[in-house]
Amino acid sequence: QVQLVESGGGLVQAGGSLRLSCAASGRTISSYIMGWFRQAPGKEREFVATIKRNGGSTYYADSVKGRFTIFRDNAKNTVHLQMASLKPEDTAVYYCAADWGYGLGTSTHEYDYWGQGTQVTVSS
């Protein structure tokens, strides 16, 4: 069992930056693919970014590529999402998730554990 707790969300102006963090407990995240997803009001949860177990491979949604960076610190059992050049359309609840499997990590159904989410609001 893995418990995930996100932090770092908040209100930011368009063009600004935020760093989201996800702290894991219960098991080491080095055994998991880690991902970030987001869900805006009235919309389905969507993929944002994923990172493989050793941190050597990452993958991003087209909408955030070049603006967001996912990275992990397995020693500290944390994963982060550095967000820059934020846009109002990035407004959503952001979720951290852990995947025990060996897929690409871009679909919600691949993930076994989820955090409660942290709100990010980007004002125009």
Would you call [X] and [Y] a side-chain contact if the rule is heavy atoms closer than 4.5 Å?
| X | Y | result |
| --- | --- | --- |
| T91 | Q119 | yes |
| W36 | E6 | yes |
| S63 | R38 | yes |
| M83 | L20 | yes |
| D99 | D112 | yes |

Can you tell me how far apart [atom1] ([X]) and [atom2] ([Y]) are? Round to the nearest 0.5 Å.
| X | Y | atom1 | atom2 | value |
| --- | --- | --- | --- | --- |
| I70 | Q82 | CD1 | CD | 12.0 Å |
| T58 | R72 | OG1 | CZ | 11.5 Å |
| K87 | S124 | NZ | OG | 14.0 Å |
| R19 | S7 | CZ | OG | 11.0 Å |

Under 4.5 Å between side-chain heavy atoms, hopping through other hydrophobics if needed: is there a path connecting [X] to [Y]?
| X | Y | answer |
| --- | --- | --- |
| I33 | F37 | yes |
| Y111 | L4 | no |
| L81 | V12 | yes |
| W114 | V2 | no |

Partners of [X] by side-chain hydrogen bond (donor to acceptor under 3.5 Å, both in side chains), sequence neighbours excluded?
| X | value |
| --- | --- |
| Q116 | none |
| Q39 | R45 |
| T28 | S30 |

- [ ] Before giving the answer on side-chain contact (heavy atoms from CB on, under 4.5 Å), spell out for F68 and L18 the whole-Å C-alpha distance, their side-chain angles and the decisive distance to 0.1 Å.
- [x] CA-CA 10 Å; F68 292 10; L18 278 177; over 6 Å; no
Task: Carboxylate-amine/guanidinium contact D62 K65, below 4.0 Å - done: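 Salt bridge between D62 and K65, a charged N being under 4.0 Å from a carboxylate O: yes.
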Open item on the list: Whether the side chain of D90 engages the backbone of A14 through a donor-acceptor N/O pair (distance < 3.5 Å, no angle test) should be reported.
Closed with: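 Checked: no pair found.
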Task: Donor-acceptor pair, side chain of D73 and main chain of T78, under 3.5 angstrom - done: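 Pair absent, no side-chain N/O of D73 close to backbone of T78.
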- [ ] Would you mind listing the cluster partners of L11? Hydrophobic ones only (ILVMFWY), side-chain contacts under 4.5 Å, chaining allowed.
- [x]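 None; L11 is a cluster of one.
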Task: Heavy-atom closest pair, residues T106 and E110 - done: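 Heavy-atom minimum between the residues: N-OE2, 3.1 Å.
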TODO: Locate the shortest heavy-atom distance separating T50 from M34; write the atom from each residue and the value.
DONE: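 Nearest pair, atom of T50 first, then M34: OG1-O, 3.1 Å.
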Open item on the list: Taking OH in Y59 as the centre, count heavy atoms belonging to other residues, nucleotides or ligands within less than 6.0 Å. Is the count above 12?
Closed with: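 Open: at most 12 neighbouring heavy atoms sit under 6.0 Å from OH of Y59.
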TODO: Start with the C-alpha distance between F47 and T108, add both sets of side-chain angles, then the distance that settles side-chain contact (heavy atoms from CB on, under 4.5 Å), and finish with yes or no.
DONE: CA-CA 7 Å; F47 167 74; T108 56; over 6 Å; no
Task: All pairs passing ring-ring contact (aromatic ring centres under 6.0 Å, His included) where residues 86-106 contributes a residue, at least two apart - done: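 Residue pairs with at least one partner in residues 86-106: Y32-W100.
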- [ ] Only pairs at least two apart or in different chains count here, so list each disulfide bond (SG atoms under 2.5 Å apart) that has a residue in residues 79-124.
- [x]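 Residue pairs passing disulfide bond (SG atoms under 2.5 Å apart), neighbours aside: C22-C96.
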